[in-house]
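Note that the numbering runs from 1 along the sequence shown for the chain. Every value quoted in this text rests on a predicted model; they were computed, and no experiment measured them.
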Amino acid sequence: MDKKLRVAVLGATGMVGQRFVSLLENHPWFELAAVAASPRSAGKTYEEAVEGRWKMDTPIPEAARKLVVHNVMEVEKVSENVDFCFSAVDMSKDEIRKIEEAYAKTETPVVSNNSAHRWTPDVPMVIPEINPEHFEIIASQRRRLGTKRGFIAVKPNCSIQSYTPVLTAWKAFEPTKAVVSTYQAISGAGKTFRDWPEMEGNIIPYIAGEEEKSEQEPLKIWGHIENGEIVKADGPIITSQCIRVPVLYGHTTTVFVSFKNKPAKDDLIAAMESFSGLPQKLGLPSAPKQFIRYMTEPDRPQVALDVNYENGMGITIGRLREDVLFDYKFVGLSHNTLRGAAGGAVLCAELLKAQGYIEAK
């Protein structure tokens with residue numbers, strides 16, 4: 001392996017930013033070289049900036065503790081000594097779009113956890129096992145931005161991770177429609193129970209913007225490149241409800257699905273368990289060895305037992321059975337801040353590096 005690529009984390013003091021910092025500790029390919037956040041944190045050491053609000057279960061990595069936090073708005077200063085950056089900034093969508101493009105225009109690739117650029121037509125939104133070919137749109141984006149190496153790539157919403165791969169594994173059986181309900185952990189809102197005590201013993205049947213993301217983002221992932229843009233797929237049609245539940249980590253999903261021609265249950269299970277992609281073929285550092293695990297126990301998957309499957313980068317499926325209105329129904333589980341957020345972005349960056357899109361400056 002060549003010298004590690006130097007990485008900046010934008011929005012490093014928030015929950016997803018903290019997860020990025022944790023995941024970069026001892027990463028074989030990437031080295032945390034800079035942290036950036038809002039002006040109120042700038043000038044402090046990282047340890048000082050997150051004092052009293054460190055939300056990870058593990059300690060602050062030693063390599064990060066004494067890094068001086070940059071003002072994320074000082075784009076040239078942050079980007080001058082790094083090869084690329086992860087973005088988890090907490091701003092309005094317009095502000096995020098502007099600042100991520102500003103970093104890209106310094107010839108610093110941006111791998112973003114944010115939703116702001118997910119529907120920018122020439123920005124790839126990628127689950128690496130499913131649609132790595134969408135990275136080919138980067139050439140068109142670079143022409144628009146006027147860059148040679150800078151670009152923006154994003155990962156999709158955390159809520160879709162536990163069912164979109166399954167429907168992809170079943171593509172040969174032609175799923176036509178699905179009803180999806182997600183039961184989403186509070187860390188998806190950047191919170192712990194200490195921050196949000198009113199969530200204990202509570203359920204909130206509304207998460208702003210989540211249902212549209214759950215219905216539409218899979219269609220972009222299944223889409224194709226045409227005339228320098230990613231055109232979303234026509235189907236399958238997905239309708240969704242998204243609910244906040246009193247769980248710290250792990251988004252659970254219930255799915256009802258119908259097919260053009262109803263397959264056998266054993267064929268569906270075999271398709272899930274054998275499904276893999278380019279990250280597995282390349283042996284990327286963060287890639288799960290088995291992406292989708294099917295569990296036969298009637299009471300699995302469970303958050304307490306299964307959320308950390310494959311270091312939080314695999315997804316777990318259970319209770320696949322026939323339905324009286326749809327063809328089948330099942331339950332899925334994914335780790336929302338690992339596979340669904342920072343971990344998914346790190347896997348994207350690993351694939352981008354492996355394919356030559358991210359290189360040392």
Side-chain angles (χ1 to χ4, degrees), residues 1-2 4-5 7 9 16 19-32 58 83-88 109-113 124-136 138 153-171 217-218 221-222 249-251 270-295 301 306-317 332-359:
M1 177 65 196
D2 298 331
K4 290 184 180 183
L5 295 177
V7 187
V9 175
V16 175
R19 181 68 77 181
F20 275 123
V21 169
S22 297
L23 289 173
L24 290 169
E25 184 178 26
N26 301 319
H27 191 281
W29 294 4
F30 307 144
E31 178 182 11
L32 181 65
T58 53
D83 298 308
F84 76 100
C85 58
F86 290 114
S87 176
V110 177
V111 182
S112 179
N113 182 71
M125 178 173 69
V126 170
I127 295 177
E129 287 88 349
I130 297 177
N131 62 324
E133 70 279 2
H134 283 192
F135 286 142
E136 295 171 13
I138 288 171
V154 301
K155 50 145 291 296
N157 196 49
C158 53
S159 68
I160 76 169
Q161 305 291 329
S162 56
Y163 62 91
T164 302
V166 176
L167 296 180
T168 305
W170 293 344
K171 183 178 179 180
E217 288 188 13
I221 289 168
W222 295 322
Y249 295 118
H251 287 354
M272 282 191 289
E273 292 190 320
S274 64
F275 182 73
S276 66
L278 202 51
Q280 286 72 36
K281 182 178 179 180
L282 297 175
L284 299 180
S286 299
K289 289 182 174 59
Q290 183 176 0
F291 185 21
I292 305 173
R293 173 179 64 171
Y294 182 71
M295 306 192 75
D306 302 312
V307 73
N308 290 312
Y309 168 64
E310 290 276 17
N311 298 313
M313 291 298 290
I315 67 172
T316 304
I317 305 300
L333 173 65
S334 60
H335 196 303
N336 56 295
T337 69
L338 286 169
R339 169 55 74 165
V346 170
L347 186 59
C348 281
E350 292 169 359
L351 184 53
L352 286 161
K353 187 220 176 300
Q355 294 184 319
Y357 290 100
I358 297 177
E359 300 175 316

Trainee: Could you pull out all residues at least two apart from Phe20 that satisfy ring pair (Phe, Tyr, Trp, His ring centres under 6.0 Å)?
Mentor: Phe86

Trainee: To the nearest 0.5 Å, what is the distance between OG on Ser334 and CD1 on Ile292?
Mentor: 11.0 Å

Trainee: Taking side chain to side chain donor-acceptor pair (under 3.5 Å) as the test, write out the residues that go with Ser162, two or more places apart.
Mentor: Thr253

Trainee: Consider only side-chain N and O atoms of Arg19 and Thr337, and report whether a donor and an acceptor are under 3.5 Å apart.
Mentor: yes

Trainee: Where do Ser286 and Met313 come nearest, in terms of heavy atoms and distance?
Mentor: O-CG, 3.5 Å

Trainee: Got Leu338 and Asn311 here, is their nearest side-chain heavy-atom distance under 4.5 Å?
Mentor: no

Trainee: Could you name each residue pair satisfying salt bridge (Lys or Arg N to Asp or Glu O under 4.0 Å) that touches residues 270-295, not counting sequence neighbours?
Mentor: Arg293-Asp306

Trainee: With side chain to side chain contact (heavy atoms under 4.5 Å, CB included) as the test, would you mind laying out the steps for Glu129 and Gln280 before giving the verdict?
Mentor: CA-CA 8 Å; Glu129 287 88 349; Gln280 286 72 36; 3.0 Å; yes

Trainee: What distance separates Met125 CE from Asn131 CG, expressed to the nearest 0.5 Å?
Mentor: 8.0 Å

Trainee: Please report the closest heavy-atom contact between Ile221 and His134, naming both atoms and the distance.
Mentor: O-CE1, 3.5 Å

Trainee: Partners of Gln355 by side chain to side chain contact (heavy atoms under 4.5 Å, CB included), sequence neighbours excluded?
Mentor: Phe135, Leu278, Leu351, Tyr357

Trainee: Hey, what do you get for NE2 (His27) to CD (Glu350), rounding to the nearest 0.5 Å?
Mentor: 3.5 Å

Trainee: Going by the rule side chain to side chain donor-acceptor pair (under 3.5 Å), which residues pair with Ser159 if we only count those two or more places apart in sequence or in a different chain?
Mentor: Asn157, Ser214

Trainee: Test Phe291 against Met272 for side chain to side chain contact (heavy atoms under 4.5 Å, CB included), laying out the working first.
Mentor: CA-CA 9 Å; Phe291 185 21; Met272 282 191 289; over 6 Å; no

Trainee: Can you name the nearest heavy-atom pair linking Val307 to Leu333, along with the distance?
Mentor: N-CD2, 3.8 Å

Trainee: Residues in ring pair (Phe, Tyr, Trp, His ring centres under 6.0 Å) with Trp222, at least two apart?
Mentor: none

Trainee: Checking Glu31 now: which residues fulfil salt bridge (Lys or Arg N to Asp or Glu O under 4.0 Å) with it, not counting sequence neighbours?
Mentor: none

Trainee: For residues Lys155 and Ala345, report the shortest heavy-atom separation together with the two atoms involved.
Mentor: CD-N, 3.7 Å

Trainee: To the nearest 0.5 Å, what is the distance between CG on Leu347 and CG on Leu352?
Mentor: 9.5 Å

Trainee: side-chain contact (heavy atoms from CB on, under 4.5 Å) with Thr164: which of Val166, Leu167, Ile160?
Mentor: Ile160

Trainee: Of all the heavy-atom pairs spanning Phe30 and Val346, show the shortest one and how long it is.
Mentor: CE1-O, 4.2 Å

Trainee: Taking only residues two or more places apart in sequence, or in another chain, which ones meet Tyr294 in a ring pair (Phe, Tyr, Trp, His ring centres under 6.0 Å)?
Mentor: none

Trainee: Gln290: what forms a side chain to side chain donor-acceptor pair (under 3.5 Å) with it, not counting sequence neighbours?
Mentor: none

Trainee: Could you report the tightest heavy-atom contact between Ile315 and Tyr309, atom names first, then the distance?
Mentor: O-CE2, 3.7 Å

Trainee: Partners of Glu310 by salt bridge (Lys or Arg N to Asp or Glu O under 4.0 Å), sequence neighbours excluded?
Mentor: none

Trainee: Taking salt bridge (Lys or Arg N to Asp or Glu O under 4.0 Å) as the cut-off, I'd like each qualifying pair that reaches into residues 156-167, sequence neighbours left out, listed once.
Mentor: none

Trainee: Can you list the residues that meet the ring pair (Phe, Tyr, Trp, His ring centres under 6.0 Å) rule with His335, with sequence neighbours excluded?
Mentor: Tyr249

Trainee: Could you measure the distance from the CG atom of Asn336 to the NE2 atom of His251? Nearest 0.5 Å is fine.
Mentor: 4.0 Å

Trainee: Going from CG on Leu24 to OG on Ser22, what distance comes out if it is rounded to the nearest 0.5 angstrom?
Mentor: 9.0 Å

